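Structure first, then comments.
Keep in mind that this is a model prediction, so the values were computed, not measured. To find a chain, count down the sequence lines: A is the first, B the second, and so on, and within it residues start at 1.
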There are 2 protein chains.
Amino acid sequence: MSEQIKAIFDKHDIKITNARSSILEVLKNAHTPLNYEQIKEKMETMMDKATFYRNIAKFESLGIVHKFESDDRKWYFELSTSIHAHFICEECHQIKCIDVSMGEVEGDVKSIVLKGTCKACK
Amino acid sequence: MSEQIKAIFDKHDIKITNARSSILEVLKNAHTPLNYEQIKEKMETMMDKATFYRNIAKFESLGIVHKFESDDRKWYFELSTSIHAHFICEECHQIKCIDVSMGEVEGDVKSIVLKGTCKACK
DNA sequence: TAGTGCAATGCAACTTAGTTGTAACTTAAT
DNA sequence: ATTAAGTTACAACTAAGTTGCATTGCACTA
Ligand SMILES: [Mn+2]
Ligand SMILES: [Mn+2]
Ligand SMILES: [Zn+2]
Ligand SMILES: [Zn+2]
């Protein structure tokens, strides 16, 4: 288990389990948000999807993981970082993390998703 | 059938049916995006959900209607207008149409969804 | 080291928004 | 009115995510 993941467990005072560290390790090594199937493929540890989703829910409530819905009715997950937007291409379905400068918005913004056609598909 | 809806049928050269004009009439009178259940409640004409979704898909492909996913795993629909963003409150689940000034983005943006906590819930 | 309690897991059954196949029915054009 | 092409209802289906519950594993104490 990497130092970064260990630090997350320490900070939030939750039990270290194979399932949990395996999920977080995958997310740490990803450079784009991933859905359940994609994470499952990359995980060392086999686990039931119930276990996966329950742990993801816990991570979310602790602010460790951030999720959003794409246009395929699936949730995509990534380790929480500074707030940034995601651009989802409706043609090739690739997801890109991007920075957007946004004017004032009422309320606390926690997630920004843009959809459209990416440069490559245009 | 209102003039505005009639104009839409004329422009796109699709068959006028009770189901279609009923859906569009509801969307025209709404001041916020609506999901299937909400539209169903407001519709004059009863129709099967298969009919509803097939018509919505047609409207979408013609650019008449725009849809996006909220945080409740439901699709929300509105008549296409000039591009604008939607703010979805994760507490009270209200959806607000907003204008955002956004920096340059690679690709064609067709939809923008922000999620977070609205002013009232904060 | 054995015993206790509580949280995490696996499994199977479930939920539900949206989809699909198809036969019957409408629409709009002639 | 006739007709072909498009639209509809109905019922069966799909699949991401959820839930109940029995079992397992972990930390703490005696
Ligand atoms: Mn990202
Ligand atoms: Mn809007
Ligand atoms: Zn693309
Ligand atoms: Zn709110």
Whole-Å distance between D:dA16 P and A:Ile39 CD1? 14 Å
Residue-phosphate contact under 4.0 Å: A:Thr17 side-chain N/O, C:dT9 OP1/OP2: yes
How close or far is atom C1' of C:dA28 from atom NE2 of B:His12, stated in whole angstroms? 19 Å
Could you check whether B:Ile16 gets within reach of a base, just the sugar-phosphate, or nothing at all, counting any heavy atom under 4.0 Å? sugar-phosphate
From CG (A:Asn55) to OG (A:Ser22), nearest 0.5 Å: 10.5 Å
Is the shortest side-chain N to carboxylate O distance from A:Lys6 to A:Glu3 below 4.0 Å? no
Does anything in residues 42-75 of chain B come within less than 4.0 Å of DNA chain D? Heavy atoms only, and list the residues if so. B:Met46, B:Met47, B:Asp48, B:Ala50, B:Thr51, B:Arg54, B:Asn55, B:Lys58, B:Arg73
Can you measure A:Glu37 atom CD to D:dA15 atom C1' for me and round it to whole angstrom units? 10 Å
Given the side-chain rings of B:Tyr36 and B:Phe77, with only the six-membered ring counted for Trp, is the space between their centroids under 6.0 Å? no
Considering only D:dG25, C:dT9, D:dT8, which nucleotide approaches the side chain of B:Ala19 most closely? D:dT8
Would you kindly compare A:Asn35 and B:Lys15 by the position of their nearest DNA chain D nucleotide and give the one closer to the 5′ end? B:Lys15
Polar side chain donor-acceptor pair, B:Thr32 to B:Lys96, under 3.5 angstrom: no
Let me know, please, whether B:Asn18 or B:Tyr36 comes out on the 5' side of the other along DNA chain C by nearest nucleotide. B:Tyr36
Roughly how far, to the nearest 0.5 Å, is OG1 of B:Thr45 from CD1 of B:Ile23? 9.0 Å
Which distance, rounded to the nearest 0.5 Å, do you find between the CD1 of B:Ile88 and the CD1 of B:Ile95? 5.0 Å
